[in-house]
Amino acid sequence: MTPQLSPELRQAIAASPDHPVRIEDEQTQRVYFVVSQEQVRSLLEAELRRELQVGYDDIAQGDLVPFDAEDIKRRG
């Protein structure tokens with residue numbers, strides 16, 4: 001089942017197309033955010049780039065650990 005957008009939610013999204021729309025459940029007081037598929041992709045890509053940069057920085061500083069496949073298999 002895919003819920004459909006209410007007119008109120010559609011209007012909120014249209015008013016702020018480049019930002020997540022904050023929604024609060026009146027019964028549980030839990031907060032949710034509605035984001036477009038493109039925004040999700042962009043956020044995931046940005047997170048991946050940040051994590052890769054951490055690795056690149058470690059490599060540049062010589063902070064390396066030798067790769068030992070057999071050791072990894074043993075510990076797994």
Side-chain angles (χ1 to χ4, degrees):
M1 175 182 125
T2 302
Q4 301 297 308
L5 290 177
S6 68
E8 179 184 25
L9 189 52
R10 185 175 290 112
Q11 185 178 18
I13 292 168
S16 185
D18 296 327
H19 301 286
V21 175
R22 184 182 185 277
I23 300 172
E24 184 174 339
D25 183 331
E26 294 175 353
Q27 293 179 349
T28 65
Q29 279 68 51
R30 288 187 73 179
V31 174
Y32 301 88
F33 291 92
V34 175
V35 296
S36 71
Q37 185 174 3
E38 294 80 15
Q39 288 170 324
V40 170
R41 282 190 189 126
S42 178
L43 290 168
L44 291 173
E45 182 179 316
E47 178 64 17
L48 179 58
R49 288 183 185 280
R50 278 191 296 275
E51 291 299 318
L52 286 170
Q53 190 59 54
V54 168
Y56 296 148
D57 292 345
D58 286 347
I59 291 168
Q61 294 173 10
D63 189 8
L64 305 170
V65 175
F67 179 77
D68 184 348
E70 293 306 315
D71 180 55
I72 293 171
K73 289 178 188 178
R74 259 191 320 278
R75 290 185 286 139

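For the numbers below, each heavy atom of this structure counts, side chains included, while hydrogens, waters and symmetry mates do not.
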Worksheet entry | Contact summary for Gln27 and Asp25, nearest pair of heavy atoms | N-OD1, 2.8 Å
Could you grab the distance from atom [atom1] of [X] to atom [atom2] of [Y], nearest 0.5 Å is fine?
{"X": "Leu52", "Y": "Glu47", "atom1": "CG", "atom2": "CD", "answer": "10.0 Å"}
{"X": "Arg74", "Y": "Asp68", "atom1": "CZ", "atom2": "CG", "answer": "6.0 Å"}
{"X": "Arg22", "Y": "Tyr32", "atom1": "CZ", "atom2": "OH", "answer": "12.0 Å"}
{"X": "Ile13", "Y": "Asp18", "atom1": "CD1", "atom2": "CG", "answer": "12.5 Å"}
{"X": "Ile59", "Y": "Leu64", "atom1": "CD1", "atom2": "CG", "answer": "6.0 Å"}

Worksheet item: Is there a donor-acceptor pair closer than 3.5 Å between any side-chain N or O of Gln29 and the backbone N or O of Glu24?
Response: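 Judged by distance alone, no pair lies under 3.5 Å.
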Worksheet item: Are Tyr56 and Leu48 joined in one hydrophobic group, where the rule is that I, L, V, M, F, W and Y side chains link up if heavy atoms are under 4.5 Å apart?
Response: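 Yes.
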Worksheet item: Transitively linked via ILVMFWY side-chain contacts under 4.5 Å: Val35 with Ile23?
Response: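 In one cluster: no.
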Worksheet entry | Salt bridge Arg49-Glu45, side-chain N to carboxylate O under 4.0 Å |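 Salt bridge flag = yes for Glu45 with Arg49.
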Fill in: Whether over 12 other heavy atoms sit under 6.0 Å from Glu8 CD
no
